[in-house]
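Positions are given from 1 along the sequence. Just so you know, ligand 1 is whichever comes first in the structure, and atom 1 is the first atom listed for that ligand.
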Amino acid sequence: MSLKIWINGKLYDKENAKVSVYDHGLLYGDGVFEGIRSYGGKVFRLRRHLDRLWDSAKAIWLTIPVSKEDMAQAIEATLQANGLQDGYIRVVVTRGSGSLGLDPNRCSDPQVIVITDRIALYPEELYQKGLEIITVSTVRNHPAALSPRIKSLNYLNNILAKIEGLQAGCIEALMLNHKGEVAECTGDNIFLVRGGRLLTPPNEAGILEGVTRDAVIELAREAGIEVREVPLTKHDVYIADECFLTGTAAEVVPVVKVDSRSIGDGVPGPLTRQLIDLFKKLTRRGVE
Ligand code: PXG
C-alpha cells in the first residue's frame with residue numbers, strides 16, 4: 001500500500017501527491033516547514049512545532065490558510081492513514097503557484113502539505129561511539145539578512161555546509177556565525193559540557209531554536225545540571241569535556257571528535273549519556 005500524503009484537506013497516494021511547477025516554494029524556496037516526530041502514536045511537542053511554523057510564516061508574510069487545530073488534526077489523520085506509530089512528520093506550507101516573478105502577491109492557493117513517513121535513524125553505533133564532525137567554511141546565514149529562526153524552504157545555507165561535511169567524510173558539520181562564533185550544525189543544535197555545566201550558543205548566535213534543544217535544557221535543569229546559553233568559540237569546543245548534538249531526527253547524539261581533535265576522552269561522556277537516557281524517557285512518557 002502506498003503512503004498517503006495530505007494536501008489541502010485531502011489524502012493522496014504518494015504517486016499522485018503533487019504541486020505545480022509554478023509554486024514559489026519550488027521556484028524560490030518561498031515557504032516554511034517543520035520536521036516533527038511521533039513516538040508510539042504520540043506527536044512530540046506538537047504545539048511547540050506548530051507555534052514555530054506559524055512564527056516562521058509570519059516572518060515571511062505568509063498566511064497559513066488553516067488553523068493550528070486543523071493542522072494538528074491533519075497530522076493525526078495522516079499518521080493514522082499510514083498506520084504510523086513511530087514516525088517522521090514533515091509539514092510544508094508553500095507560497096502557492098504564481099507567475100515567473102518574485103512577487104508573492106501574484107501567488108494563490110498556498111499548499112499545505114503533511115507527509116508522514118518512517119523515520120530514517122542514524123545507525124545505533126553512532127550513539128554508542130559518537131560522531132566525528134568538522135567545522136565548515138560555509139558561514140551560517142547572517143541573522144540580519146535572513147533569520148536562522150525562520151525554518152524556510154530555502155535551506156541552501158545548510159545544504160552547502162552539509163556537502164562540505166560529507167566531502168570530508170562527516171555526516172554533520174559545524175557552522176560558525178558571521179562573528180566566527182559557534183552557531184549550530186546543519187540540522188542539529190550543539191551543546192558542550194565543561195566543568196559539569198552545559199553550554200550552548202544563545203539565540204543571538206543565529207540559530208534555529210530547536211525543539212529538542214529546549215527539551216534537553218529543561219531536562220538538564222530538572223536534573224540539577226546548570227545550563228548556560230553563552231557565545232562559544234571553536235576553542236571552547238576543542239577544550240570541552242563533552243559535546244553532543246540535538247535535533248528531531250538525531251535526538252541526542254554524542255560527538256567525540258571535532259576538526260581532528262578528540263573531545264574529552266574521545267568517548268561519549270557521562271552527562272551526554274545521562275541526557276540521552278532522560279530524553280529517551282521523555283519521548284516515551286505516556287506512550288507505554
Ligand atoms: N538547526 C537546524 C538548522 C535545523 O534545521 C535543528 C537545528 C534542530 O531543531 P529541532 O527542533 O528538530 O530540535 C534543525 C532541525 C532533516 C531534518 O530531515 C532536519 C531538522 C529537523 C528534522 C529533520 O534533515 N532540522
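Note on E226 versus R194: no salt bridge recorded, every NZ/NE/NH1/NH2 to OD/OE distance being 4.0 Å or above. Salt bridge annotation for D214-R48: present, with a cationic side-chain nitrogen under 4.0 angstrom from a carboxylate oxygen. Using a cutoff of 4.0 Å between basic side-chain nitrogens and carboxylate oxygens, R213 and E229 are scored as salt-bridged. A salt bridge is defined here as a Lys NZ or Arg NE, NH1 or NH2 lying under 4.0 Å from an Asp or Glu carboxylate O, and R273 with D277 fails to meet this definition.
A donor-acceptor pair is defined here as one N or O able to donate and one able to accept, closer than 3.5 Å; such a pair exists between the side chain of T233 and the backbone of D236.
By the neighbour-count criterion of 12 heavy atoms within 6.0 Å, atom CD of E125 is sparsely surrounded, having that number or fewer from other residues, nucleotides or ligands.
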Show me the short polar-atom pairs for ligand 1: any N or O of it lying under 3.5 Å from a protein N or O, with distances only.
| unit_1 | atom_1 | unit_2 | atom_2 | d |
| --- | --- | --- | --- | --- |
| ligand 1 | 1 (N) | E184 | OE1 | 2.6 |
| ligand 1 | 5 (O) | K151 | NZ | 3.1 |
| ligand 1 | 5 (O) | Y155 | OH | 2.4 |
| ligand 1 | 11 (O) | R52 | NH1 | 2.9 |
| ligand 1 | 11 (O) | R52 | NH2 | 3.0 |
| ligand 1 | 11 (O) | V211 | N | 2.7 |
| ligand 1 | 12 (O) | T248 | N | 2.9 |
| ligand 1 | 12 (O) | T248 | OG1 | 2.5 |
| ligand 1 | 13 (O) | V211 | N | 3.3 |
| ligand 1 | 13 (O) | T212 | N | 2.9 |
| ligand 1 | 13 (O) | T212 | OG1 | 2.6 |
| ligand 1 | 18 (O) | R90 | NH2 | 3.2 |
| ligand 1 | 25 (N) | K151 | NZ | 3.2 |
| ligand 1 | 25 (N) | G187 | O | 3.4 |

